[in-house]
Amino acid sequence: MRVALFVTCLADQFFAEAGVAAVKLLRHLGVEVDFPPAQTCCGQPAYNAGYWSEARQMAEHTLGVFEDADYVVLPSGSCTTMLRAFYPELYRDNPRMFARASSLSGKSYELAEFIVRVLGITRLGQGLAGQRIAYHHGCHALRELGLKDEPIALLRSAGAEIVDWPAATECCGFGGLFSVKLPEVSLGMADRKLSTLPEIDVLTSADGGCLLHLSGRIHNRGLPLCVKPLAAVLWEAAQNRRTQDA
Amino acid sequence: MQVRSNEYPKEAARVIREEPQVRESVTGATLSFDAKRRAAYAEVDSEQWRHFAEGVKNHVLMNLEHYLEQAEAALKRNGVQVHWAEDAEEAQRIVATLVRERGVKRVVKAKSMLSEELGINPLLESLGVSVLETDLGEYIIQLLEQPPSHIVGPAIHLGLEQIRRLFHERFGTPLDAAPDALAAAARKLLRQGFLEAEMGISGANFMVAETGTIALIENEGNIRLSTSAPRLHVALVGIEKLLPRFSDLAVFLSLTARAATGQRLGTFVSLIQGPRRSSEPDGPEEVHVVFVDNGRSSVLADEEAWETLRCVRCGACLNACPVYRQTGGHAYGYVYSGPIGAVLSPGLVGLENTKPLPYASSLCGACYEACPVKIPIPKLLLTWRHRAVEEGLTPRFEKAAIQGYALAMTRPWAYRLAAKALRLLPEKALDNTVVPVLKAWVEGRAGLKPSPRSFRELWEEGI
């Protein structure tokens, strides 16, 4: 099987290790990985801010980049939602583009979702034995993709304890431009979410934007918390010994 | 009422900075409401109920003229006097005329968001009429001269200590009085009000077209008294509040209570079917219904925004909203706050007067998940944002920045160049940036630094 990796602009620039881990993990699972070099950003920030004509320009570019792929895999729930749900939405008045968007929509998957739903794998290894992990559900992954159990199942089967986090499904306050348009509200949301965390070894999520926001806040407040992208944690899970890189 | 929605970002920041107690009270109360809502939804096939409610409301809205005519005929048959108000001024004129003609000096009011929207209290006060809010929360904020902070819990932003202090100053209750004792103090005063008032004003949770029934849900019993003790009852009813059949109430009364407070049914449900009949010992001599438009038909005619009108004003979206929890309702600057306010207010009073509101959301979708009539609030927020862009209501620098970003992202060489530039920045440059957007980011979130090498570079070197 062959997939095209859409590493997303945020992972490319700020979480390169998430992309590397995704590649290693997919290869480990017997999947051939392509990285179409013309890829840039899916355009979600423009779409969410109401700039639909600019979002369409970026969507059209991305549609071209991934036209020939069998599967598109992204280490991001939010960008997957952009491709799966919002691209068709952007073209609801344009049948030709709608058809192209729908085709991409149908073959795009978030990494953990792809592993569980397409590859049918729920056990990666035992590399997380004994780790207490808090999983932040990105809102789009949770509510638009319906992705809730898949990442948890993968983490748990690798020996991790998923801690009981009352605010696990609550928005972290990132929301793209929301975080700069309403900084106080955005930070208040992050603080409230973090204040409900029990003791953990690692905080992880499929969404780079949320992690950038949360880890920035954690750094700013000097909290002793280790934050890692889901792809990196899953790659760790696939290795049977526990790595000591916290 | 005065619209101050354009100050939302400033107001939200101020509340967070200067009134931390608001966040504490609102977060505590909404989390508890939300948890109760989830539990109450879980007891029934909530998906099916919501689907049904959505369908009934859509049907009413698509055939609104028919059902309004049917309701008017039924109300008249029941001996109710029906009035039509196209806007707030007309509604005020109708109420003012009744007050003058019937010599009303004292009014008791049941909690009604529509009466807030129409500015009924200031109107009555200007006519020299005393107005008493009879819902306990509403009464508390009336004492403080504040508007409601929440659709269902108007005083949700206040802590017990604040209410104790207020009641101590006004009624001399002890500073450590138990909530029950505070309620008892208010009740004593309210009872007197019910006995003396010549007019009771209420809203309507629902209006059944088939039978001309005004349906009201409450937990304190004050609505029942407000609508039955005075000789005159005036119900202000938004034209979108209609239900076709009496039997629809069975689902709507229960679903609304479940969505709002997690109750299976409100403690009191009043179904008002007209003035007192000769065989009945009590009830008002006259009942008036004022059907109010005030911008609703223009929302209905709006092909993208009409679904907003399914709203049953349960406040479930406010309870589920992590943004609302930070500030409560006052920061939104209009009577309807929270997610539903952010999509309803632009429709009712114009996007130019409310332009920050569609951005008062991280688009997390918790509101849609909670909504009993499945209003696609996130989608509507995006629609209003898109309109703000189309109508040139967004800042010029933002538009330029997004256009530049789209240009770079559709040219892979430009994207690469930008990535290179990002890595050429000196260490800590991002921490001390003067670029406004980045500055806003790093002020609260330190340690923003790109990966030493981009994924693309690592890939090209070989993974």
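A, B, ... follow the sequence lines: proteins, then strands. Residue 1 opens every chain. For the numbers below, each heavy atom of this structure counts, side chains included, while hydrogens, waters and symmetry mates do not.
- Between chain B and the residues A:C139, A:P166, A:A55, A:S53, the most heavy-atom pairs under 4.5 angstrom are made by A:C139.
- Heavy atoms closer than 4.5 Å to chain A are found in the backbone of B:V442, but not in its side chain.
- With a 4.5 Å cut-off on non-hydrogen atoms, B:I402 touches chain A through its backbone and its side chain both.
- With a 4.5 angstrom heavy-atom cutoff, B:A388 does not touch chain A via any of its atoms.
- More than 12 heavy atoms of other residues, nucleotides or ligands shown are found within 6.0 angstrom of CD on B:E391.
- Contacts with chain B were tallied for A:C9, A:C42, A:A18; A:C9 has the most, counting heavy-atom pairs under 4.5 Å.
- Interface residues of residues 446-459 of chain B toward chain A, defined by a heavy-atom distance below 4.5 Å and sorted by number: B:A446, B:G447, B:L448, B:K449, B:P450, B:S451, B:R453, B:S454, B:F455, B:R456, B:L458, B:W459.
- Using a 4.5 Å cut-off between heavy atoms, A:L214 makes no contact with chain B at all.
- Taken from OH in B:Y405 to SG in A:C41, the straight-line distance is 3.0 Å, to the nearest 0.5 Å.
- The structure places CD of A:E54 at 10.5 Å from OG1 of B:T410, a figure rounded to the nearest 0.5 Å.
- For the residue pair A:S186/B:R445, the side-chain donor-acceptor check at 3.5 Å is satisfied.
- A:W52 contributes atom CH2, which lies 6.0 Å from atom CG of B:L382 (distance to the nearest 0.5 angstrom).
- Taking both residues in full, the closest heavy atoms of A:G50 and B:H386 are given as O-ND1, 3.1 Å, listed atom of the first, atom of the second, then distance.
- For the set A:G173, A:A46, A:S179, the count of heavy-atom pairs under 4.5 angstrom toward chain B peaks at A:S179.
- For the residue pair B:E390/A:Y51, the side-chain donor-acceptor check at 3.5 Å is not satisfied.
- Around atom NZ of B:K439, no more than 12 heavy atoms belonging to other residues, nucleotides or ligands sit under 6.0 Å away.
- Contact of A:K24 with chain B is made through the side chain alone, with heavy-atom distances under 4.5 Å.
- Considering all non-hydrogen atoms of both residues, B:Q326 and A:M189 come closest at NE2-N, 3.6 Å.
- Of the atoms belonging to A:L212, heavy atoms from both backbone and side chain fall under 4.5 Å from chain B.
- In this structure, chain A has no heavy atom under 4.5 Å from any part of B:L381.
- The environment of NZ in B:K399 is crowded: more than 12 heavy-atom neighbours from other residues, nucleotides or ligands sit within 6.0 Å.
- Neither the backbone nor the side chain of B:E460 has a heavy atom closer than 4.5 Å to any heavy atom of chain A.
- Only the side chain of B:I16 comes within contact range of chain A, with at least one heavy atom under 4.5 Å from a heavy atom of that chain.
- Chain B forms the most heavy-atom pairs under 4.5 Å with one residue out of A:A38, A:P183, A:G138, and that residue is A:A38.
- Heavy atoms closer than 4.5 Å to chain B are found in the side chain of A:E170, but not in its backbone.
- Ranked by heavy-atom pairs under 4.5 Å with chain B, the first of A:R221, A:Q57, A:E60 is A:Q57.
- Only the side chain of A:F178 has a heavy atom closer than 4.5 Å to any heavy atom of chain B.
- With a 6.0 Å radius and a threshold of 12 heavy atoms from other residues, nucleotides or ligands, B:H51 has its NE2 atom at or below the threshold.
- Under the 4.0 Å criterion applied to side-chain N and carboxylate O atoms, B:K379 and A:E144 are not assigned as salt-bridge partners.
- Between the CZ atom in B:R325 and the SG atom in A:C171 there is a gap of 10.5 Å [rounded to 0.5 Å].
- Annotation for A:T40 and B:M409: closest pair OG1-O, 2.5 Å, computed over non-hydrogen atoms.
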Throw together a table of side-chain donor-acceptor distances under 3.5 angstrom for residues 356-369 of chain B, partners on residues two or more places apart or in other chains.
residue : atom : partner : partner atom : Å
B:S361  : OG   : B:L363  : N            : 2.8
B:E369  : OE2  : A:R143  : NE           : 3.1

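- Using a cutoff of 4.0 Å between basic side-chain nitrogens and carboxylate oxygens, A:E184 and B:K10 are not scored as salt-bridged.
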